[in-house]
2 protein chains.
Amino acid sequence: MNANAKEAILAAAKRAAQARGYGGLNFRDLAAEVGIKSASIHYHFPTKADLGAAVARRYREDAMAALDALRAEAPDALAALRRYPETFRHALLAGNRMCLASFLAAEHDDLPEPVLREVLAFMEANVAWLARQLAEAGITAEEQAEPRARAVMAAIAGAQLMARSRADVGAYDALIAGYRQAGMLP
Amino acid sequence: MNANAKEAILAAAKRAAQARGYGGLNFRDLAAEVGIKSASIHYHFPTKADLGAAVARRYREDAMAALDALRAEAPDALAALRRYPETFRHALLAGNRMCLASFLAAEHDDLPEPVLREVLAFMEANVAWLARQLAEAGITAEEQAEPRARAVMAAIAGAQLMARSRADVGAYDALIAGYRQAGMLP
DNA sequence: GGTTGTCTACCATCTGATAGGTAGACAACG
DNA sequence: CGTTGTCTACCTATCAGATGGTAGACAACC
């Protein structure tokens, strides 16, 4: 913990925000979890908006790294697409958390502008990744890949929301299966 | 305003919660909007949990009344289904608000138990309505109507979330259109 | 006269944030 | 070598504002 406090703060804040949102983030609890004092968090992140933006940024970076790894491991675009829902399943499983960007999207009206910017960037990055795989897999035509990618992402965000309300990963799995049956997901 | 304060409180709280969630609800702002003092709200709703549960309950009742009216006006189940997305479109249009239940689902970890119960009840009621229309319209077999209804609801919740993050009803419309094209919605 | 609804006046708690201090690492200078 | 100054990363102590909630007075109404 003494090793690199800033990283520890980011990691803890990421977890907390996925469970309680931006409004649920608070310096004292975060400090206690990391093992320092709240004033020290202000040293690394002067304001809550700074912290929120940094967390959202880190979340996006981690997610993109995971998607790139997923694509690298998968034999083709279709296989990568099939495994896309797993990305979010993991958070539900570990503490009934959800996609940070989806949570923050709900909190839209209370977000500092830099935080909101990161949220939108996360979504655009996901849409771009999805659109690439969709086109490459030949599921949609090149020019229809983006709207379809947006639909996929929105549908998955909704599934997380529903599953979280019941604190039940099974609900998420069932919804994903339903999307597949309806031809929404490959 | 003096006419029926309790109703006015509920209405204002419903609007506020659709924009800022349960955590965003606060007695002082609510009182100011209604034109009374915060202590008076405590008279009608002793605790915040009571207020939250009452708001969620009212939201569910209003929504069900709207759905019943929709079904009564529509010539058949298919027509009613086609107009289902409009229910949520309205909130987005009026102040970039979203479905209260979806918002509260995100706040799952911070909800008093009675509030959470109402959220789940709202979802079950919507699923039941959707399943009925889906079966009646012959879109799915009777026994597959419920899982499909859940998928429809989750997809629409996700669309609201995405649209809200961009404060753009057009995004919602585009996503609904995408769902239709993918065969997810009639 | 009791019930109902609202008020004024508080209170305890939590929140983000600031001021000011301190211990240690490190480099520069003489 | 040792003194000096600077920087980093933390600390203690405190603040102002917001929040949910309570007590008790008061007036209107039945």
Side-chain angles (χ1 to χ4, degrees), chain A residues 1-17 19-58 103-104 107-116 118, chain B residues 1-58 103-104 107 109-116 118:
Chain A
M1 342 255 81
N2 251 345
N4 194 342
K6 196 166 182 175
E7 286 303 310
I9 294 166
L10 276 177
K14 181 177 151 185
R15 252 176 293 127
R20 317 196 102 86
Y22 178 77
L25 270 187
N26 98 68
F27 284 76
R28 278 167 183 73
D29 290 354
L30 213 51
E33 194 182 327
V34 175
I36 57 177
K37 297 299 172 180
S38 74
S40 301
I41 300 187
H42 282 286
Y43 172 77
H44 295 286
F45 307 98
T47 69
K48 187 174 177 178
D50 292 326
L51 174 61
V55 168
R57 184 158 199 270
R58 170 60 56 93
F103 205 142
L104 298 190
E107 296 182 289
H108 176 277
D109 289 8
D110 293 320
L111 294 185
E113 195 265 344
V115 179
L116 179 58
E118 286 297 335
Chain B
M1 358 226 121
N2 252 347
N4 194 341
K6 196 166 181 175
E7 286 302 310
I9 294 166
L10 276 175
K14 181 178 150 184
R15 252 176 294 128
Q18 280 185 273
R20 316 196 104 86
Y22 179 76
L25 270 186
N26 98 70
F27 285 78
R28 278 167 182 74
D29 290 354
L30 213 48
E33 194 182 328
V34 176
I36 59 178
K37 298 298 173 178
S38 75
S40 300
I41 300 188
H42 282 285
Y43 172 78
H44 296 286
F45 307 98
T47 70
K48 187 175 177 179
D50 292 325
L51 174 62
V55 168
R57 184 157 200 269
R58 169 61 54 94
F103 205 142
L104 298 189
E107 294 180 290
D109 289 7
D110 293 320
L111 294 185
E113 194 265 343
V115 178
L116 179 59
E118 286 299 334

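In the text below, chain A, chain B and the rest are named by the order of the sequence lines, each starting its count at 1.
Residues forming a side-chain hydrogen bond (donor to acceptor under 3.5 Å, both in side chains) with E107(A) (at least two apart in sequence, or on another chain): none. Residues satisfying the side-chain hydrogen bond (donor to acceptor under 3.5 Å, both in side chains) test with D50(A), not counting sequence neighbours, are T47(A). With sequence neighbours excluded, the residues that form a salt bridge (Lys or Arg N to Asp or Glu O under 4.0 Å) with R20(B) are D110(A). Checked against salt bridge (Lys or Arg N to Asp or Glu O under 4.0 Å), K14(A) has the following partners two or more places apart in sequence or in another chain: D62(A).
Within residues 40-48 of chain B, the residues approaching DNA chain C are S40(B), Y43(B), H44(B), by heavy-atom distance under 4.0 Å.
Of all heavy-atom pairs between A56(B) and E118(B), the closest is CB-CB, 3.5 Å.
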Check: residues 26-46 of chain A side-chain donor-acceptor pairs under 3.5 Å, at least two apart:
residue : atom : partner : partner atom : Å
N26(A)  : OD1  : R28(A)  : N            : 2.9
N26(A)  : OD1  : D29(A)  : N            : 3.1
N26(A)  : ND2  : D29(A)  : OD2          : 2.7
E33(A)  : OE2  : R15(A)  : NH1          : 2.8
H42(A)  : ND1  : P46(A)  : O            : 2.9

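Atom CZ of F27(A) and atom C1' of dC10(D) are 16 Å apart (whole Å). Rounded to an integer number of Å, the gap from K6(B) NZ to dT6(C) P is 11 Å. When rounded to the nearest whole Å, the span between CG of N4(B) and C1' of dT4(C) equals 13 Å. Atom pair L25(B):CG and dT19(D):C1' shows a separation of 13 Å (rounding to whole Å applied).
At a threshold of 4.0 Å, the pair R58(B)-E7(B) counts as salt-bridged, since one of the basic side-chain nitrogens sits closer than that to a carboxylate oxygen.
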For nucleotides 11-14 of chain C, print each protein N/O atom paired with a nucleotide N/O atom at under 3.5 Å, atom names and distance only.
none

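Within the 4.0 angstrom heavy-atom criterion, no nucleotide atom of any strand lies near L30(A).
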Yes or no on side chain to side chain contact (heavy atoms under 4.5 Å, CB included) for V115(A) and V55(A), after CA distance, side-chain angles and deciding distance?
CA-CA 9 Å; V115(A) 179; V55(A) 168; over 6 Å; no

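Nearest-nucleotide mapping onto DNA chain C: of G23(A) and K37(B), the residue sitting toward the 5' end is K37(B).
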